[in-house]
Novice: 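First, the structure itself, so that you have it in front of you.
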Amino acid sequence: MPDSRFKIMTSAATSGPGDAGRTGSWRVERPVIDYSRCTPARTGRHACHLCWFYCPDVAVSKTIEPQFDLDYCKGCGICAEECPVGAITMVAEETFAEGGADE
Amino acid sequence: MSNKCIDSGNNAAAHAARLAGVEVVAAYPITPQTPLTEKLSEWVASGEMDAEYVAVESEHSALGVCIGAASAGVRAFTATSANGLLYMSEQLHWAAGARLPLVMCVVNRGVGAPWSVWNDHQDAMSQRDTGWIQLFVKDHQEIVDVTIKAFRLAEAVHIPVMVNYDGYYLSHTYMPFELPDAEAVRAFLPPYVYKHALDPQRPENLNSVTLPDARRDAGGVLRGGYMDIRHNLQQEMHQALAVWEEIDADYRQRFGRGGAPVLEAYRLEDAEFVVVAMGTLANQFRDVVDRLRQEDGIRVGVLAVQVYRPFPARQLAEALQAARGVMVFEKGLSYGHQGALFADVKSALYPWPARPVLRNFIVGIGGREIPTNELCRNLKQACGQDELPPEVADTPNWIGLQL
C-alpha cells in the first residue's frame, strides 16, 4: 500500500497529442498536401486516410480534406511515404516564412 | 503459529518470497543464487505456489519481466548474483526511475574477471547508485524477515529494494530459523495495488521521452521533467529510512523479531573503538570483539550497517560520536579510491564535531578466507595506532594477501 506521505513522482500521463510537449518545434521538413491528388479531397468521401492512420503523433485529421496539426507534427515524413497517390510532399521549413508555424 | 526449520539461506529466501505472496517470478540461474530460484520453480510446478514462473534467457530479461509485471500491478520477485546483477544494471536504473516496488535478493559474489563464484560485496557496491534501496542481512532468520519486510517497504515508498546476503556463508549453509505463519504475513503485507497499473481501458504513456523541463500534459496537468522526477526519488529515498523503521516496529509487534533495522550495535555502550561492517562479517566480528575485550581489555564494539542505500549518515555519525577510533572492514571497494563503505562513513562524519580516527580494511575479496585470528590481530594493532600520518591512515589495508 503506497504511503500517503510520498509523492512517488513518475513520468506517466494519459496519452494524446502534446503529451511530450509541442513537438512541432522539432520539425525540419513540413508536409504539404496537394488536395487535387488526395483521394478523400478529390472524391468527397471518407476513403484512404492512410496519412491519418500512419501518423505516429496523431497530427493528421481524419477529415475530407486532411489537415496537419503543425503544433505536433515532427516532420517525420511517414504520411508522405505512405500516401498511395503521392499527394504529400515534405518541404524544408526554411522555405516558409521566418520561424515557420512554431515561432 | 510458526514453523521452525533448519535449511539453507537460499531456501530461507524462497520461503520468504512464497510467504510474501509473490505472483510473478522471473529469474535466471547463477551461482550461488541458483538453489533459490530452483526452489521457487519447483513450488510453482507442483502447485504449492500460485505464481507465474517466467523462465527467461538472461538477467536483463528477468528484471524486464519483473518491471512489466509490477507495472501491471502484480507483485514480482527476482534474484541474482555478481555478473548477473551487472547484466541487469540498465534495468535496475529503469525500475528505480519508474518507481516500481520490486524486491530482489542478491546473493553476493565477486565479479569477474577473473571468474569467481565466491563471496564478496563488489556486485552490490557497483550498483549502489542505481536508486535501489540496498539492505544487507547477517543470518538466515534475517533473510526471511527482511525479505518479507522489504516487500512492504517497496510498496509503501515505491522504490525497489535489494536484499543482499553473502554467497555460501549464508546461501549454502544450514541454520535454524523460524518461518512466520502465512495468514499473519498476509495481514502484515496486504495485496499490492499500483495506481499506474497497465490497463487497456485507460491507456497511459509510462516513462516515454521526458523533457528536461516540466510541462503540461495532454490533459493540462503540470508534470515533472526528468530532473524533478529524479529529485523526488532522492528525497523519498531519504524519507524511506523512517518508513523502514515503522515497518520493522510493526513486524516486531506481530512476529517478535527485529528492533534494529538500520544499524545494529553490539557492545557499543562503553566502546572506545568501533568496527563498522556489513553482512556476515559483522557477525564474525562479535567473536573478535568478545575476544579482544576478554583477552586484551580493549573496549571495542561492532556496528552492522543493515541499510546501505539510503545511507544512514546521521544515525551513523551519532552512533560514532563517542568513539576514539572507527575501523571499517569491508568486502568491496571503489577501485582507484578506497573501500566504498569507508568513504561513506568518512563523509558521514565530516560535518559532525567529533571525528574519530578512521581506518579501512579490505577483506575476503573473491572468497579469500577471513580467519578470525587475523581479524583479532589487525583490529588489536589498529586500536593502538591513533597517530598515523593522514595519508597512511586513509589508505586501505588489505588483509590476507598471499603475494
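On a predicted model such as this, the values are computed, not experimentally measured, just so you know. Here is how names work: the chains are called A, B, and so on, in the same order as the sequence lines, proteins then strands, and each is numbered from 1.
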Novice: His158(B), Glu236(B), Arg99(B): which one forms the most heavy-atom pairs within less than 4.5 Å of chain A?
Specialist: Glu236(B)
Novice: Can you tell me how far CZ of Arg152(B) sits from CG of Asp3(A), rounded to the nearest 0.5 angstrom?
Specialist: 9.5 Å
Novice: Looking at Asn232(B) and Met9(A), would you say the former's side chain and the latter's main chain have a donor-acceptor pair under 3.5 Å?
Specialist: yes
Novice: Working note: Val243(B) + Phe6(A), criterion side chain to side chain contact (heavy atoms under 4.5 Å, CB included); need CA distance, chi angles, decisive distance, verdict.
Specialist: CA-CA 10 Å; Val243(B) 177; Phe6(A) 284 67; 3.5 Å; yes
Novice: With only heavy atoms counted, which part of Asp228(B) is less than 4.5 Å from chain A, the side chain, the backbone, both or neither?
Specialist: both
Novice: Should the heavy atoms of other residues, nucleotides or ligands under 6.0 Å from CD of Glu52(B) be counted, would the total exceed 12?
Specialist: no
Novice: Are there more than 12 heavy atoms of other residues, nucleotides or ligands under 6.0 Å from atom CG of Asp50(B)?
Specialist: no
Novice: Please determine whether the number of non-hydrogen atoms from other residues, nucleotides or ligands lying under 6.0 Å from atom CZ of Arg252(B) exceeds 12.
Specialist: no
Novice: Quick check for you: to the nearest 0.5 Å, what is the distance between Lys7(A) atom NZ and Leu233(B) atom CG?
Specialist: 13.5 Å
Novice: Out of curiosity, Leu100(B) CG to Ile8(A) CD1, how far, rounded to the nearest 0.5 Å?
Specialist: 11.0 Å
Novice: Per the side chain to side chain contact (heavy atoms under 4.5 Å, CB included) rule, which among Leu206(B), Ile229(B), Leu211(B) passes with Ser11(A)?
Specialist: Ile229(B)
Novice: Could you tell me whether Tyr35(A) atom OH has more than 12 heavy atoms of other residues or ligands within 6.0 Å of it?
Specialist: yes
Novice: Just wondering, more than 12 heavy atoms not from Glu81(A) lying within 6.0 Å of its CD?
Specialist: no
